[in-house]
J.: 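Just passing along the structure, written as structure tokens.
Each chain gets a letter, A, B and so on, in the order the sequences are listed, and its residues count up from 1. We use all heavy atoms of the structure for the numbers below, so side chains are in, but hydrogens, waters and symmetry mates are not.
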Amino acid sequence: MTVMRNDQRIIIHFDYDCFYASVFENEDPSLKALPLAVQQKQIIVTCNYEARRRGLRKLQLIHEAKKTCPDVVIVLGEELGRFRDASKSLYKFLESFTWSGKVERLGFDEVFLDVTDLVEYNQALLNCHDLSHSFFQLKREDPTIGFSFNAAEIAGHTFPEHPPDPENPSHPQDSLPRSCTAVPKYDINDSLLLRLTLGSHLAQHLRWSMEEEKGYTSTVGISTNKLLSKLAGNLHKPKAQTTLIPPYGILADDYNETAGRESNVTLFIDSHDIGKIPGIGFKMSHSIRNHILSRPAEFDDGLIYGETKEQVTVRDVRLFPNMGPELLETLLGGAGAERGIGSKTWNLINGIDDTEVRQMKRVPTQISIEDSYMRLDTLPEVVKELRMLATSLIKRMHADLLEDDEDPDAVGLGAKRWLAHPKTLRLTTRPRPPLNADGTRTRSFNRISRSGPVPNFIFTFKESVDAIVEKLIQVAMIPMFKRLHPQQAGWNLSLLNVAVTNMVEAASEGKGGGGRDIGRMFKRQEEVLKVWRVEDRDIPPDTVFHEDEHDGDTAQVDDAVQAEPSAGSEALDAITAGSEDMMILTQNTADENGVWEEDEEDEGNMEVCHECGSVMPAFAMAAHERYHALEN
DNA sequence: CTGATTGAG
DNA sequence: GATTCTCAATCAG
């Protein structure tokens with residue numbers, strides 16, 4: 001078995017320099033000359049390089065920061081909108097250069113680009129006899145768009161620091177064992193150097209363009225996969241770039257120190273602390289370290305302020321007796337662990353990362369809003385906070401999930417449509433561990449959550465955000481909160497988070513691609529669908545419930561659904577039975593155990609519709625639900 | 001599917 | 001391991 005790295009791609013990793021601080025500097029350029037720190041709650045989340053020069057650090061407490069640097073300018077950065085906007089803008093800027101659309105954002109301030117296609121195209125264009133006067137073509141169809149560059153040199157820094165001597169190139173494959181000769185010849189390496197060189201010039205052009213046109217500087221890494229390009233970029237910052245140059249080497253079973261010296265990848269990655277490898281986080285690095293130091297967990301429990309952990313490097317791990325995918329699997333595997341974690345991790349410490357740079361994404365997979373609190377232990381307070389969070393959430397959904405309607409029919413400006421509909425709503429809290437005087441239980445899990453369907457009314461355009469929020473609070477959030485915290489009192493929360501997840505993109509909704517969605521619809525709403533087919537003529541929804549509550553979306557009934565033969569109405573019971581899910585508006589009632597209690601469902605009680613939040617008598621609810629079934 | 005965990009910036 | 005406010009992937013059940 002020979003483990004091979006695929007070095008056929010050219011991947012560029014972008015990291016915007018002290019991003020949050022740069023956003024403020026762009027808003028107010030006079031800040032550039034000052035030590036600038038961005039504050040969230042009690043800490044400095046980031047600061048510019050002038051502030052770092054004076055001793056400030058990321059994640060420093062405000063207290064210490066002011067002591068260290070009394071004249072630091074501190075700006076509040078809890079509102080993330082400006083960062084999100086800047087991040088999107090830079091992301092789109094970079095995307096505009098790619099041919100493949102392979103542009104992946106990591107957080108707000110990092111982007112991976114797969115530029116293999118641009119590089120290969122330009123490699124074919126090179127004049128081997130006059131490399132120093134080359135032209136990089138940025139558009140396939142227009143040879144005049146691009147930039148001049150010297151293909152005989154790498155742009156920016158390299159690792160190692162001195163590029164190979166073209167007069168006397170080393171061909172490390174020559175010295176590798178016979179088992180490796182099946183691997184493509186060493187001209188692949190020459191080609192790799194060339195392609196990385198092209199990548200380095202493209203990266204430099206992108207950096208310079210971004211600074212000129214957008215006002216943001218960045219530090220960049222260039223290599224053949226996401227892992228290596230990201231790590232390479234760290235070598236020189238800020239406002240710089242680093243290319244990891246060949247030989248990249250070959251990996252084999254009998255991989256050892258000697259082979260390591262032939263590979264710049266090994267030379268490079270070996271020096272990293274095991275926990276600094278992306279994908280090996282706190283837990284995994286801890287498990288690995290414990291094994292390497294052959295020390296049970298209890299030993300470093302004793303270290304209170306123990307920053308004195310011995311460093312365990314990738315090299316220490318790689319060369320440890322019996323180390324390999326199998327041992328790593330036993331070290332890292334177990335309950336909840338990702339399958340294949342052993343070989344995945346073994347690949348990482350050998351510089352192998354075959355994960356693709358993903359296509360630019362139009363919609364996020366989730367949107368969440370959270371806030372933290374010193375003390376939050378009464379329902380009215382919680383409701384107040386939920387109201388604020390839900391308001392932000394709805395606004396964010398409008399900002400991130402809404403698109404200008406370019407339907408030729410809708411000439412009227414301002415028309416919007418949903419790019420995607422989230423299907424589930426989630427509430428999570430972080431309870432503060434109840435302090436125990438007598439030893440009961442101190443087990444403090446971090447976050448707990450409950451989720452449920454997103455009510456359809458949050459997609460409407462016809463109501464104010466406040467009105468939507470109020471319904472959402474009553475119909476979904478408070479009930480969810482009571483599911484999370486069945487006890488009326490006794491909790492104290494340090495965090496609330498509201499989120500929408502499970503996005504279904506509009507294009508694939510109903511018709512066409514969303515086969516999965518249709519299948520689910522039949523499974524779960526079969527009865528409802530049957531009923532409206534039978535009954536819809538009898539009770540025209542619009543006349544009964546003229547109060548509107550239209551889904552803002554252009555909801556269209558799926559062909560398959562319409563074609564489905566109608567069935568008997570014995571399922572009417574299923575609908576009325578559904579009203580037991582209705583949450584009643586009243587609150588603050590509890591039984592003698594201090595558990596939340598729902599009001600009884602007498603006739604004449606008002607109920608709230610799950611879908612639209614309308615309040616109506618219970619007897620009207622069944623017909624009302626039929627109306628919603630029609631709508632969807 | 002839900003709810004928890006892990007890892008990333 | 002925690003601090004802030006997120007986002008994504010992946011697991012068990």
J.: With a 4.0 Å cutoff (strictly under), does any side-chain N or O of A/R339 reach OP1 or OP2 of C/dA12?
T.: yes
J.: Which nucleotide, B/dC1, B/dG7, C/dC5, lies nearest any side-chain atom of A/N502?
T.: B/dC1
J.: Name the residue closer to the 5' end of DNA chain C, choosing between A/L59 and A/R396 according to the nucleotide with the nearest heavy atom.
T.: A/L59
J.: Shortest non-hydrogen contact from A/W491 to A/L379?
T.: CH2-N, 3.8 Å
J.: If you find the nucleotide of DNA chain C closest to A/N497 and the one closest to A/A337, which residue's nucleotide is nearer the 5' end?
T.: A/N497
J.: If you compare every side-chain N and O of A/S449 against the phosphate oxygens of B/dG3 (OP1, OP2), does one of them come in below 4.0 Å?
T.: no
J.: Would you kindly give the CG-to-P distance between A/D109 and C/dC5, to the nearest whole Å?
T.: 17 Å
J.: Please tell me which of the listed nucleotides, B/dT2, B/dA4, B/dG9, lies nearest to the side chain of A/L106?
T.: B/dG9
J.: Check every strand shown and say whether A/I277 touches a base, only sugar-phosphate, or nothing at a heavy-atom separation below 4.0 Å.
T.: sugar-phosphate
J.: From B/dT2, C/dT4, C/dA12, pick the nucleotide closest to the side chain of A/I43?
T.: C/dT4
J.: Rounded to whole angstrom units, what separation is found between the CG atom of A/L496 and the C1' atom of C/dT4?
T.: 15 Å
J.: Using whole Å, what does the distance between atom C1' of nucleotide B/dC1 and atom CG of A/L425 come to?
T.: 15 Å
J.: Are OP1 or OP2 of C/dC7 and a side-chain N or O of A/S368 less than 4.0 angstrom apart?
T.: yes
J.: Looking at A/R84, does any N or O in its side chain come under 4.0 Å of the phosphate oxygens OP1/OP2 on C/dC7?
T.: yes
J.: Parallel, tilted or perpendicular: which fits the ring planes of A/F282 and A/H286, with parallel below 30° and perpendicular above 60°?
T.: parallel
J.: Could you state the CD-P distance from A/Q366 to B/dA8, rounded to the nearest angstrom?
T.: 17 Å
J.: Look at the side chain of A/T365 and decide which nucleotide, out of B/dG7, B/dG3, C/dA8, has an atom nearest to it.
T.: C/dA8
J.: What nucleic acid atoms does A/G77 come within less than 4.0 Å of, heavy atoms only: base, sugar-phosphate, or nothing?
T.: nothing
J.: Using a 3.5 Å limit on both distances, find every run of at least three consecutive Watson-Crick or G-U pairs that involves DNA chain C.
T.: B:1-9 with C:5-13
J.: Would you check if there is a donor-acceptor pair between the side chains of A/R5 and A/T224 at a distance under 3.5 Å?
T.: no
J.: Indicate the atoms forming the closest heavy-atom contact of A/I274 with A/S285, along with that distance.
T.: CG2-CB, 4.1 Å
J.: Whole Å only: how far is the CZ atom of A/R447 from the P atom of C/dA8?
T.: 15 Å
J.: Just by modelled atom types, is the A/F459 backbone N or O under 3.5 Å from a matching donor or acceptor in the A/W418 side chain?
T.: yes
J.: Among A/R426, A/R396, A/R430, A/R447, find the residue that satisfies the salt bridge (Lys or Arg N to Asp or Glu O under 4.0 Å) test when tested with A/E370.
T.: A/R447
J.: Could you state the CD1-C1' distance from A/I44 to C/dT3, rounded to the nearest angstrom?
T.: 12 Å
J.: What is the separation between atom CG on A/D400 and atom C1' on C/dC7, rounded to the nearest whole Å?
T.: 12 Å
J.: Using distance only, find each side-chain donor-acceptor pair of residues 58-67 of chain A under 3.5 Å and give its atom names and separation, not counting sequence neighbours.
T.:
from	atom 1	to	atom 2	distance (Å)
A/Q60	OE1	A/R57	N	3.0

J.: Using the C1' atom in both, what is the distance from C/dT4 to B/dG3, to the nearest Å?
T.: 23 Å
J.: Any side-chain N or O of A/K230 below 4.0 angstrom from OP1/OP2 of B/dG9?
T.: yes
J.: Tell me what A/E110 touches on the nucleic acid: a base, only sugar-phosphate, or nothing, going by heavy atoms under 4.0 Å.
T.: sugar-phosphate
J.: Look at the side-chain N and O atoms of A/S372 and state whether any lies under 4.0 Å from the OP1 or OP2 oxygen of C/dC5.
T.: yes
J.: Between A/V115 and A/F97, is any pair of side-chain heavy atoms under 4.5 Å apart?
T.: no
J.: With heavy atoms under 4.0 Å as the rule, sort A/T424 into base, sugar-phosphate or nothing.
T.: sugar-phosphate
J.: Establish, with yes or no, whether the OP1 or OP2 oxygen of C/dT4 is under 4.0 angstrom from a side-chain nitrogen or oxygen of A/K41.
T.: no
J.: Regarding A/S287 and A/N290, do their side chains bring together a donor and an acceptor under 3.5 Å, going by distance alone?
T.: no
J.: Just by modelled atom types, is the A/G77 backbone N or O under 3.5 Å from a matching donor or acceptor in the A/Q40 side chain?
T.: yes
J.: Among B/dT2, C/dT3, C/dC5, which nucleotide has an atom closest to any side-chain atom of A/S451?
T.: B/dT2
J.: Whole Å only: how far is the CZ atom of A/F83 from the C1' atom of C/dT6?
T.: 13 Å
J.: Taking the six-membered ring for Trp, are A/F481 and A/H485 parallel (under 30°), tilted (30 to 60°) or perpendicular (over 60°)?
T.: tilted
J.: Contact class for A/I369 (heavy atom, under 4.0 Å): base, sugar-phosphate, or nothing?
T.: sugar-phosphate
J.: Among residues 356-364 of chain A, which contact DNA chain C at a heavy-atom distance under 4.0 Å?
T.: A/R358, A/K361, A/P364
J.: Less than 6.0 angstrom separating the ring centers of A/F108 and A/F83, yes or no?
T.: no
J.: Heavy atoms under 4.0 Å, any strand shown: does A/R426 hit a base, just sugar-phosphate, or nothing?
T.: nothing
